[in-house]
Structures are given as structure tokens and as C-alpha cells.
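So the structure is just underneath, and the comments pick up after that.
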Amino acid sequence: MGSLRLCSRSACRQSAIATLTYVYADSTAVLGPLATYPEPHCYDLCGEHAQRLTVPRGWQVLRLELPDSPRLAPDELSALADAVAEPRGAAQHRAETTVEPEAGSSPSSSARNAPQPMAPPADAEGGRGSLRILREPR
């Protein structure tokens, strides 16, 4: 999902809520709400890194009001709701539909290494069943 971008800081896996932009001509760092689209010369930051931002000596920081949490676009909220609410029959039909390779050809390495869905627990028959756990490739 597009607006669920991660923080640009190394090893940080938090969702970004702010965008940092440097204006080198004015020696200014501008920290504002998450930009609609990722820009190549901007940095997306999570709340913690946005609060701890420091700049070089002689630079100014312009801090705009930041949201408390990452925002989701309406189409992303719809897609998430549709994925969770998908009827079990449609998910099973999609999982059972396979494409057979042509005779004499071998499956590609990506097809061999693709994660396989785990079988649902025995007591999950009455459950929602539209979400699956995937095993890690070996």
C-alpha cells in the first residue's frame, strides 16, 4: 500500500508519518506531514525519528504540524476492507486455481521457491478464513 511507507532511517521498520526536506540554499530543514508521493531527495520519517531530528550547526529547522499516526488513502482503506471481508469461497477458488506448465518445461525457480499457504487449523472451519499464513521459502 502506497502511503504506508516506512521510515528512511536504517533498520527502522516503523511507518512514516513525516517527510524531511533540505533547502540547502537557505540552510534549512523542513519537517512536515508525509508527502503524498515519495520524492527522491526527501526522507520519510517515523514519529520517533521526526521528534529526535537534529540538524548541523548553523541550520534552522522548520517544523510543521505532524499527524499522530500514518494516514491511509480512501482507496487503500477500501482495498484493506475488501481483502479482510472477502468471502471464503472466493479465496479458496483462487488458491485452488493453478496454471500447469507446458509439457516438457520445468517450473521457474520463482515458482519453486514461492511460499505455500499453510493448511487452516482444524477448528477454523467456522472462522473467517480469508487470511492465510505463508511459509518462508527454503
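Side-chain atoms of Ser8 come within 3.5 Å of backbone N or O of Asp44 as a donor-acceptor pair.
In this structure, CD on Gln51 lies 9.0 Å from SG on Cys46, to the nearest 0.5 angstrom. Atom OH of Tyr22 sits about 10.5 Å away from atom SG of Cys42, to the nearest 0.5 Å. Expressed to the nearest 0.5 Å, how far OG1 of Thr21 lies from NE2 of His41 amounts to 11.0 Å. Once rounded to the nearest 0.5 Å, the distance linking CD of Glu48 with CZ of Arg9 reads 9.5 Å.
Of all heavy-atom pairs spanning Ala50 and Leu31, the tightest one is O-CD2, 3.4 Å. Considering every non-hydrogen atom in both Val55 and Ala29, the closest pair reads CG1-CB, 3.6 Å.
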**Prompt:** Run the side chain to side chain contact (heavy atoms under 4.5 Å, CB included) check on His49 and Leu20 step by step: do they pass?
**Reply:** CA-CA 10 Å; His49 287 120; Leu20 172 64; over 6 Å; no

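Arg5 has its side chain within reach of Thr19: a pair of non-hydrogen atoms, C-beta onward, lies under 4.5 Å apart. Counting heavy atoms from C-beta on, the side chains of Leu64 and Pro33 come closer than 4.5 Å.
At a threshold of 4.5 Å between side-chain heavy atoms, the hydrophobic network of Ile, Leu, Val, Met, Phe, Trp and Tyr places Val23 and Leu62 in one connected group. Both Leu66 and Tyr43 sit in one connected hydrophobic cluster of ILVMFWY residues. Membership requires side-chain heavy atoms under 4.5 Å apart, directly or through other members.
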